Every structure is written in C-alpha cells, then in structure tokens.
Amino acid sequence: MAPIALENEDHDRDAAFNKVLHGKSAEERGGIRSMLKKDPAAQKAAIEEYFKHWDNKAASTETEEIRESRKAEYATLTRHYYNLATDIYEYGWGSCFHFCRFAYGEGFYQGIARHEHFLAHMMGLRDGMKVLDVGCGVGGPAREIAKFSGVNITGLNNNDYQIERATRYAQKEGLSNQLSFRKGDFMQMSFPPETFDAIYAIEATVHAPSLEGVYSQIFRVLKPGGVFGVYEWLMTDDYDNSNPEHREIRLGIEQGNGISNMVKISEGLRAIKAAGFELEFHENLADRQDARPWYYPLDGDLRMAGSIGDILTIARMTKWGRFVAHNTIGAAERIGLVPKGTRKTADSLGLAADCLVAGAKLHLFTPMYLMVARKPKS
Ligand SMILES: CC(C)=CCC[C@@H](C)[C@H]1CC[C@H]2C3=C(CC[C@]12C)[C@@]1(C)CC[C@H](O)C[C@@H]1CC3
C-alpha cells in the first residue's frame, strides 16, 4: 500500500475556529437551538472549505487526482463536515450517528440501542475494561455502551464541537466517571502503544483516507489479545467502478457524508488483516432479512411507517417534506435566523439520503459491515 501523507494537526487553530463558529451553542439543548447561534462568517468559511471538494465535480469526469486531493485533506474535510452537519443530525436523528437493523415492532431508538448492544456483545465487553471509541460523535453510543457493559470509554474525535457536546451529555447523565473525550486524528493517535483492552468504531473509520492506515493505528494502541469491533461503511463487491450509475451513487454518498474515498468490502477485509489483526467474525448485517430495512427512515415511503412517530420521520423525506424543508430553511436564511449555507448543507444531506437508499436498493452499499478482530497475544 502506498503511504498516505497525513495532515498536520493543529489543535489550537481548530479550537480557535470552533470557538468563533459555535460560540456557546454547544450548551444548547437541541440541534435547532444550536443552529440559531452560529457565526455567519465562520460558517461561510466552513462551507467554502467543505464544498470546494464537491462543487462542479461530477462522477463522470472525476479523475484519480481529484480523489487523491480529497484524501490528502481528509481531516479538514471531515472536521468541517461535522461543523456543518452535527446540529442537523441531532435535530433529525438524535445523538447516535449511525444506522441499525429493525426487528418487527421495534422503535427507532430501540433499534439504535440494540445495534450498540450487539456490538458490545460480539466483542465480549465486560465491566471495568478500558475501551476506545474511535470517532465517537457526540457520545451517544459511548453512553449506551458504558451503561450496558460497565466499561470505561475514551472517545476520540477530531471535531471540538462534538467533543464539547459529548462532554456535556456525559456530565448531564452522571457518566463522567466512565467517559472521557480526546481531540485527535485517528490516523495519528497520540495514545501510547498497548493502552486499551478493547476498541470499537461505529460508522466512523470510513472517514479515513486509508482503512489500513486507521486499522494499523487501532492495532498499535490495543493491548495484545485485545479485541477490535467495527461497523464499517463499504461498497459491496457488486459495485462496479466502470458503471456510471454506481460511480454517481458512491460520489453522492461521499459528498453527503464527509467521506474522501469509500472502498469495497474486499478492501476492508484486506486492510484489517494487513494491519495485523486476526479476523474472528465478519458479516454484512444489511443482508439479514429484517422486518424493515436499515434505510427506511430515509426512504420517504410512508408504507414503511410502524408508528405515529414514524409517519413524521418518513414524511420529511418525501418529495413534499423536502420541498417544505428546503423552502423553510431558505426563508430562515434570508431573514438571518440561520447562517447562510445552512440550506446548502441540508440539500447535501438530502443527496446523502438519496444515494444511501439507492446504494442499498441496488445492493451496492452497506453501513453495517461488522468485523470483530483480535490482536494476537505475541
Ligand atoms: C456520516 C457517517 C459515516 C455516519 C452518519 C450516518 C447517519 C447518522 C446520517 C447519514 C445521513 C444523515 C441524514 C440525516 C440524519 C443523519 C444521517 C441519517 C437527516 C435525516 C437529518 C434530518 C434532515 O432533514 C435530513 C437528513 C438526511 C440525511
């Protein structure tokens, strides 16, 4: 594998930018309230920095150089993606930024929690273990897994705003004794070797420019005999890079979700083994026959509703729901209620939803390729 050039970390710069853009909005209760309190100039800078990678770049004309330039700036790209998307995620999805399977009659938050419990179960997490959560978001999964398994978790995250929110939620829930959060790039972790008993990553390592790179870092900071569990975002091996429709779907998923380069299942499996792990279990959980598919909250198909709450969740993703959201956010931008660029971000998330659903329906993409792997004892 050709070595990936890492971006220089500058935590002071990021913290200063975070302070200007988000101000005290991290203290707000919900995504919408936080959205109202951004600094317009800083938001403009974040929008420009993020969308310079995507505007006027079609899948049909994309070159290897364009992809490589995104990979070279993976950390900035992802950090700004979450500067822009975190409040919308919290408003529309809650504080666990991942998908899940849905059993018959299972509610959204039940399914989300079960997905986290399943990972903890498959990894054999036990009371008192020292665990790392790679790419912890605002700490929703870490809070749930800490309560479920009694482990102590360090959440690693490259976005100061998410860390601030994660820290506040942990305090509020009385979990500060079990949870702590650290700012950093998962491609260049600052933990000493062999620090953790177990490490997990939930739909986060896809932001890496190289899976082998991030898995190698995880391998280094894991104790010998320790376990690594991951829900990975991957293109299935049905993905054909010479097919224009497939390329368009992959690029849409990448743009809408802050990903510099998404690879296939075969590459994920190669990467985890190349990092030194012994693979104990792997399965595409999206292939299981569930009552409702993982993507139903994004599909805008009201026939999939399982409860009254579901009707609202699904309605916002229908053509009319999107029309209303697009225009409401546009009006809010015009009167200065939300900063300029909020609508562009929301539209990009709409593209994400469309391409995730299309990728799932054509069996080209999975957000839940589960791998459980062990670092050999010697
Ligand atoms: C980006 C990665 C690797 C993981 C995040 C997965 C999901 C939590 C997000 C992927 C697409 C997002 C969208 C929304 C919430 C969070 C996601 C499902 C919305 C439903 C939020 C509300 C907006 O009105 C529509 C969004 C569509 C995409």
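Each ligand, and each atom within it, is numbered from 1 in the order the structure gives. Worth saying up front: this structure is predicted, and the values here are computed from it rather than measured.
Aromatic ring pairs are classed by plane angle as parallel below 30°, tilted from 30° to 60° and perpendicular above 60°; the pair F97 and Y82 is parallel.
Cation-pi geometry between K223 and F196 is not met: the NZ or CZ atom fails to fall both under 6.0 Å from the ring centre and inside 45° of the normal.
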Review item, side-chain donor-acceptor pairs of residues 259-266, under 3.5 Å, at least two apart:
unit_1: N261; atom_1: OD1; unit_2: R67; atom_2: NH1; d: 2.8
unit_1: K264; atom_1: NZ; unit_2: Y239; atom_2: O; d: 2.8
unit_1: S266; atom_1: OG; unit_2: D237; atom_2: OD1; d: 3.1

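The aromatic ring centres of Y369 and Y231 sit 6.0 Å or more apart.
By the ring pair (Phe, Tyr, Trp, His ring centres under 6.0 Å) test, Y169 is found to be paired with no residue, residues two or more places apart in sequence or in another chain being considered.
Within the structure, the salt bridge (charged side-chain N to carboxylate O under 4.0 Å, His left out) test picks out the following pairs touching residues 69-91 (sequence neighbours left out): D14-R79, K38-D87, K52-E73, E62-R70, E68-K71, R70-E254, E90-R165.
For ligand 1, the protein residues within 4.0 angstrom (heavy atoms only) are Y82, I88, Y89, G92, W93, F97, H98, F99, E203, V206, H207, W233, N257, L298, R316, M317, L349, L356.
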